[in-house]
Colleague: 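Quick one: the structure is below, and I'll ask about it shortly.
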Amino acid sequence: MESIQVFAPASVANVGPGYDTFGFAIEHLGDVLTLTKREDSQLKILKSDGADLPTDPKNNVATVAIQALLDSLESQQGFDVHIKKLFKPGSGLGSSASSAAGAVYAANKLLDSPYTDEQLLEFALEGEALASGMIHADNVAPSLLGGFQAVRSYEPLELFRIPTPEELRVLIIFPDVEVKTSEAKGLVPKELAVKEAREQWGNVGALIHAMHTADYKLMRHAITDRIAEPVRKQLIPHYGQVKQYALDHGAVGFNISGSGPSMFALFRSAKAAKGCMIEVEKIYQKADLPVMLNLSRINPVGCQVI
Ligand code: HSE
């Protein structure tokens, strides 16, 4: 195989209480990456579609991740890399993670799959670290592996997958303002008092149980965050109003997606989400701010060849 095209989905990180720990993949939004083997050992970023991405291979998350994979294999294989973004970087949907995950997934396939998808995680994380200034796996893991992923430990890196109710639907609400992950990370407190921490881990446990048992009342209460939401919500126009409306009209969970400005709302069906979508559009129309809405299932697959 000389060339391959893959889809790497966008993802929702944190999911309320799971800062840097929980994340799930979504459908429709993501990156389409095309990798082609070169005769030489260069990694070349072709002009991207949908966003202006760095073309220096040392500054692009996709090529940094591929380089980590090649170094581990002691391979000199070069690639042309084309990235088409189906959503905006800086939207809180794991843009850099999609690029990094898709890049290593595609390169591994072109190299006859020396690694399992799980083993690719550490290489994708090196790309992600370039964008956010530190290693966090809560976008890369679901984008690469699909479903709802939880990081049990960073050292050593260990993950597990949380089953989710089949009927669950995710509404993404993206008001068109940019929030940089590296800056949003700087707002998060470095320390947490036990009083707050015990609420947080209570909710982490409750959310896992609610996903297993489809206990929607518990899910709604568990999707609460004492760490990032209190300091980040002011970066998101109309956050309080949109959250209140969604929770009053059928949402079984609402919070910031990753570092924002995107928000996610969970619903028990697509029908339940429809009324909320219309009202949210009106809120942003009144404020004269473009908003993008995406309704989908939790993407069970992660990266795939297309
Ligand atoms: N867990 C990360 C954060 C996700 O909240 O900073 C960034 O998308």
Side-chain angles (χ1 to χ4, degrees), residues 8-26 29-31 51 61-62 65 85-102 121 124-145 148-155 157-159 162 170 172-175 177-192 196-197 200-201 203-204 207 223-236 239 243 253-264 292 294 298-299 302:
S11 53
V12 169
N14 302 340
V15 200
Y19 180 73
D20 279 2
T21 302
F22 286 166
F24 59 74
I26 59 171
L29 306 177
D31 281 12
V61 294
K85 287 240 155 254
L86 305 181
F87 67 111
K88 270 195 180 178
S91 55
L93 296 169
S95 168
S96 49
S98 295
S99 295
L121 201 56
L125 279 175
E126 291 205 26
E128 173 70 310
L130 174 76
S132 59
M134 64 183 290
I135 292 222
H136 66 97
D138 50 345
N139 288 115
V140 166
S143 183
L144 186 61
L145 306 170
F148 190 142
Q149 299 285 339
V151 184
R152 192 206 64 75
S153 152
Y154 272 94
E155 288 175 21
L157 187 62
E158 234 182 84
L159 297 117
I162 301 169
V170 187
I172 298 295
I173 303 161
F174 167 50
V177 291
E178 190 179 346
V179 172
K180 284 224 180 312
T181 301
S182 46
E183 283 162 27
K185 276 211 165 292
L187 294 176
V188 174
K190 301 279 171 289
E191 282 169 13
L192 201 62
E196 272 107 46
Q200 196 84 0
W201 59 61
N203 284 318
V204 163
L207 182 52
I223 298 184
T224 303
D225 177 25
R226 303 273 170 143
I227 298 178
E229 189 197 29
V231 288
R232 286 176 171 173
K233 64 183 178 191
Q234 68 262 21
L235 302 176
I236 305 172
Y239 184 78
K243 178 175 182 174
F254 185 101
N255 220 286
I256 302 173
S257 172
S259 53
S262 287
M263 298 154 261
F264 72 95
M292 183 277 296
N294 183 71
I298 290 182
N299 177 336

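Whatever order the structure lists them in is the order used to number ligands and atoms, beginning at 1. Counting begins at 1 with the first residue of the sequence.
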Colleague: State whether Lys233 and Asp225 are salt-bridged, where the test is any N-O pair (Lys NZ or Arg NE/NH1/NH2 against Asp/Glu carboxylate O) under 4.0 Å.
Modeller: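 A salt bridge is absent here (no side-chain N lies under 4.0 Å from a carboxylate O).
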Colleague: With atoms numbered from 1 as shown, which atoms in ligand 1 lie under 4.0 angstrom from a non-hydrogen atom of Ala13?
Modeller: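 Answer, ordered by atom number: 4 (C).
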Colleague: Show, in sequence, the C-alpha distance, side-chain angles and deciding distance for Tyr239 and Glu229, and conclude whether the side-chain hydrogen bond (donor to acceptor under 3.5 Å, both in side chains) test is met.
Modeller: CA-CA 10 Å; Tyr239 184 78; Glu229 189 197 29; 2.7 Å; yes
Colleague: Distance from Ser98 atom OG to Leu93 atom CG, nearest 0.5 Å?
Modeller: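 Interatomic distance, Ser98 OG to Leu93 CG, rounded to 0.5 Å: 8.5 Å.
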Colleague: Is any side-chain N of the basic residue among Arg232 and Glu183 closer than 4.0 Å to the acidic one's carboxylate O?
Modeller: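 Between Glu183 and Arg232 there is no salt bridge, as every charged N stays at least 4.0 Å from the carboxylate O atoms.
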Colleague: Pull out every atom of ligand 1 sitting under 4.0 Å from any heavy atom of Asp20, numbered as shown with elements.
Modeller: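 Ligand 1 atoms under the 4.0 Å threshold to Asp20: 1 (N), 2 (C), 3 (C).
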Colleague: Looking at Asn14, which atoms of ligand 1 are within less than 4.0 Å of one of its heavy atoms?
Modeller: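 Atoms satisfying the 4.0 Å criterion: 1 (N), 2 (C), 3 (C), 5 (O).
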Colleague: If you measure from each non-hydrogen atom of Asp138 to ligand 1, which part falls under 4.0 Å: side chain, backbone, both or neither?
Modeller: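 It is the side chain that touches ligand 1; the backbone stays farther off.
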Colleague: Pull out every atom of ligand 1 sitting under 4.0 Å from any heavy atom of Arg232, numbered as shown with elements.
Modeller: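 Counting atoms of ligand 1 from 1, those under 4.0 Å from Arg232 are 3 (C), 5 (O), 6 (O).
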Colleague: Please check if the distance between the ring centroids of Phe264 and Phe254 is under 6.0 Å.
Modeller: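 No: the rings miss the under 6.0 Å criterion.
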Colleague: Which ligand 1 atoms are under 4.0 Å away from a heavy-atom of Tyr19?
Modeller: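 Under 4.0 Å from Tyr19, ligand 1 has these atoms: 3 (C), 5 (O), 6 (O).
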Colleague: The test is side-chain hydrogen bond (donor to acceptor under 3.5 Å, both in side chains); show your working for Lys85 and Ser95 and say whether it passes.
Modeller: CA-CA 8 Å; Lys85 287 240 155 254; Ser95 168; 2.9 Å; yes
Colleague: What protein heavy atom lies closest to atom 8 (O) of ligand 1? Include the residue and the distance to one decimal.
Modeller: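 Residue, atom and distance for the closest contact: Asn139 OD1, 3.0 Å.
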Colleague: Could you check whether any heavy atom of Ser259 sits closer than 4.0 Å to an atom of ligand 1, since that is the contact criterion I want to use?
Modeller: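 It does; at least one heavy atom falls under 4.0 Å.
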